[in-house]
Protein chains: 2
Amino acid sequence: MSDKYHHENLRQELIDTGIRIINEVGEENLSLRGVALACNVSHSAPYAHFKDKEELLDAIKTSVTERFTEELKTACEGAANADEGLIAMGNAYIAFFHRNPDYYAFLFNKQKIVAHLQPDKKHVDDYPPFQLFKELYKKHLKENNIKKSKKEQEIDLIKIWGIVHGMASLACMKGVDTSIDWEDPSNTLVI
Amino acid sequence: MSDKYHHENLRQELIDTGIRIINEVGEENLSLRGVALACNVSHSAPYAHFKDKEELLDAIKTSVTERFTEELKTACEGAANADEGLIAMGNAYIAFFHRNPDYYAFLFNKQKIVAHLQPDKKHVDDYPPFQLFKELYKKHLKENNIKKSKKEQEIDLIKIWGIVHGMASLACMKGVDTSIDWEDPSNTLVI
DNA sequence: AGCTGAAACTTGACAGTGTCAAGATTGAGG
DNA sequence: CCTCAATCTTGACACTGTCAAGTTTCAGCT
């Protein structure tokens, strides 16, 4: 009762229970009031930490993206070289969304992938998973002694990412049978 | 006044104004009541034609998908052979969403791509754009005298579609600069 | 120690939403 | 002319995001 007006770390708790609720009932059934209630807090308490419902959702996206990025990192750590690392990371990318189909629509909805960066026009380079791809790609160029112009590199990167991202999109389509066993890496990448 | 209770073809009008509203203010700002009002009809009139808001949205998706499919068809009509047709269609696929960025999130949101087919588990083969890819792909195999198992063909198709779909996804990311000129076909496909 | 002001939270209200039940209107077929 | 189903209206309900105003708490200053 003493701390009725001090919830210690409500901000983080809102984010965490928000994720839990989305996992349980999906983003479309998440309400600000519901999250607040689940935290034993009044329905407008979140407004002390987020100016908007969208701002909370953005915070959640950032949090999920961090976990996602971690998984990609660990996936390519054991790789012998950059080429194998790229494959491993691509498959981890696909696997992540195949395991959490709801996250794809949630993270890329309205295509606001860089939720934590406010201004209007942001560069892909600011998207952590893309940064990982980029590092590995540059390592790949170096290891194989390949020289490419900046423009060529940009296009290559978008193609690599595009393939992986597209496969992930297809891999997590709900209620749609693609005839593909997405658990089998040999089916997916292996370019 | 006589036809206060007969709007001739309200169902289609709801779908059309629904599309218009989405184009103007986005899906997230579309309300059933708003669509009804825009059709000069009471707020529950739509319930005579759609049991749900979702059912109206599904009808709209179907309608948009039809236009999308038409564009893909015309894109590959002039192609000299199946290989060129595949490239043309892929670029048209990407171009469509680059021109209408809102449609990507709208159509593939919750990954319910086959909106007009109700039962739970549907096959990709029922998705019209995919059918076009499949036809062209089979033509490509025949023209080049290539023999592949059914499984190999399925994987090939998902890969082709995955690449194109992923590029389209990246091409229409809002507020994200990919450093790519998506209007220039030479940047995108050309596998 | 007491005051002050900002931060965190509550309470109460508002308009807008999807949905449903009940009633009104219409036209087609017996 | 009657009936009945389809179509649309009216009125209500609970729920939503948001805001304004009030309450509690605590840190920092005097």
Side-chain angles (χ1 to χ4, degrees), chain A residues 1-62 102 105-106 109-110 112 115 118, chain B residues 1-62 102 105-106 109-110 112 115 118:
Chain A
M1 56 170 59
S2 64
D3 51 1
K4 185 187 179 187
Y5 283 80
H6 276 72
H7 214 269
E8 202 52 40
N9 197 348
L10 181 56
R11 199 193 128 92
Q12 191 58 44
E13 197 174 335
L14 287 169
I15 293 177
D16 292 337
T17 63
I19 294 180
R20 186 169 50 79
I21 291 181
I22 289 177
N23 280 333
E24 285 167 4
V25 298
E27 181 195 0
E28 61 274 9
N29 293 101
L30 171 136
S31 71
L32 254 194
R33 293 172 105 102
V35 181
L37 198 68
C39 292
N40 292 315
V41 124
S42 89
H43 62 264
S44 357
Y47 282 87
H49 303 275
F50 308 97
K51 80 170 230 290
D52 242 4
K53 182 189 183 181
E54 197 185 356
E55 208 170 274
L56 168 59
L57 289 179
D58 283 351
I60 294 180
K61 283 177 195 173
T62 303
D102 288 328
F106 175 56
N109 206 0
K110 297 185 240 159
K112 258 191 82 178
Q118 292 301 2
Chain B
M1 54 170 59
S2 64
D3 52 0
K4 185 186 180 188
Y5 284 79
H6 275 72
H7 214 269
E8 203 52 39
N9 197 349
L10 181 55
R11 199 193 127 93
Q12 191 58 44
E13 198 174 334
L14 287 169
I15 292 177
D16 292 337
T17 63
I19 294 180
R20 187 169 49 80
I21 292 181
I22 289 178
N23 280 333
E24 285 166 5
V25 298
E27 181 195 359
E28 62 273 9
N29 294 101
L30 170 134
S31 70
L32 254 193
R33 292 172 106 104
V35 181
L37 199 67
C39 291
N40 293 314
V41 123
S42 89
H43 62 263
S44 355
Y47 283 87
H49 303 274
F50 308 97
K51 80 171 230 289
D52 243 3
K53 182 188 184 182
E54 197 185 356
E55 207 170 274
L56 169 58
L57 289 179
D58 283 351
I60 294 180
K61 283 177 196 174
T62 304
D102 288 329
F106 175 57
N109 206 0
K110 297 185 239 157
K112 256 189 83 179
Q118 291 303 3

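Every value quoted in this text rests on a predicted model; they were computed, and no experiment measured them. Letters go in sequence order (proteins before strands), and every chain restarts at 1.
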Just the atom pairs and distances: protein N or O near nucleotides 15-17 of chain C's N or O, under 3.5 Å.
from   : atom 1 : to    : atom 2 : distance (Å)
C:dT17 : OP1    : B:S31 : OG     : 3.2

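Closest non-hydrogen pair, B:A38 versus B:I21, comes out as CB-CD1, 4.4 Å. Taking both residues in full, the closest heavy atoms of A:A36 and A:S42 are given as CB-O, 3.3 Å, listed atom of the first, atom of the second, then distance. Between A:D102 and A:I22, the closest heavy-atom pair is OD2-O, 4.5 Å. Across every non-hydrogen atom of A:A45 and A:L10, the tightest pair is CB-CD2, 4.1 Å.
Residue pairs meeting the salt bridge (charged side-chain N to carboxylate O under 4.0 Å, His left out) criterion with at least one partner in residues 14-24 of chain B, sequence neighbours excluded, are B:R20-B:E24.
In this structure, the CD atom of A:E28 is 18 Å from the P atom of D:dC15, given to the nearest Å. In this structure, CG of A:N9 is placed 11 Å from P of C:dA8, rounded to the nearest angstrom. The distance between atom CD of B:Q12 and atom P of D:dT7, rounded to the nearest whole Å, is 15 Å. The CZ-P distance, from B:R11 to D:dA6, rounds to 15 Å in whole Å. Protein atom CG of B:L10 is 15 Å distant from nucleotide atom C1' of C:dT26, rounded to whole Å. Distance CD (A:E13) to P (C:dA8): 15 Å, rounded to an integer number of Å. Atom CG in B:L56 sits about 10 Å away from atom P in C:dG18, given to the nearest Å.
Put simply, the side chain of B:F106 does not reach to within 4.5 Å of the side chain of B:I19, judged on heavy atoms. In this structure, B:F50 and B:D58 have side chains that are not in contact, with every pair of non-hydrogen atoms separated by 4.5 Å or more.
Residues from residues 41-50 of chain B placing a heavy atom under 4.0 Å of any atom in DNA chain C, listed by number, are B:H43, B:S44, B:Y47.
Using modelled atom types, one side-chain atom of B:S31 and one backbone atom of B:G34 make a donor-acceptor pair closer than 3.5 Å.
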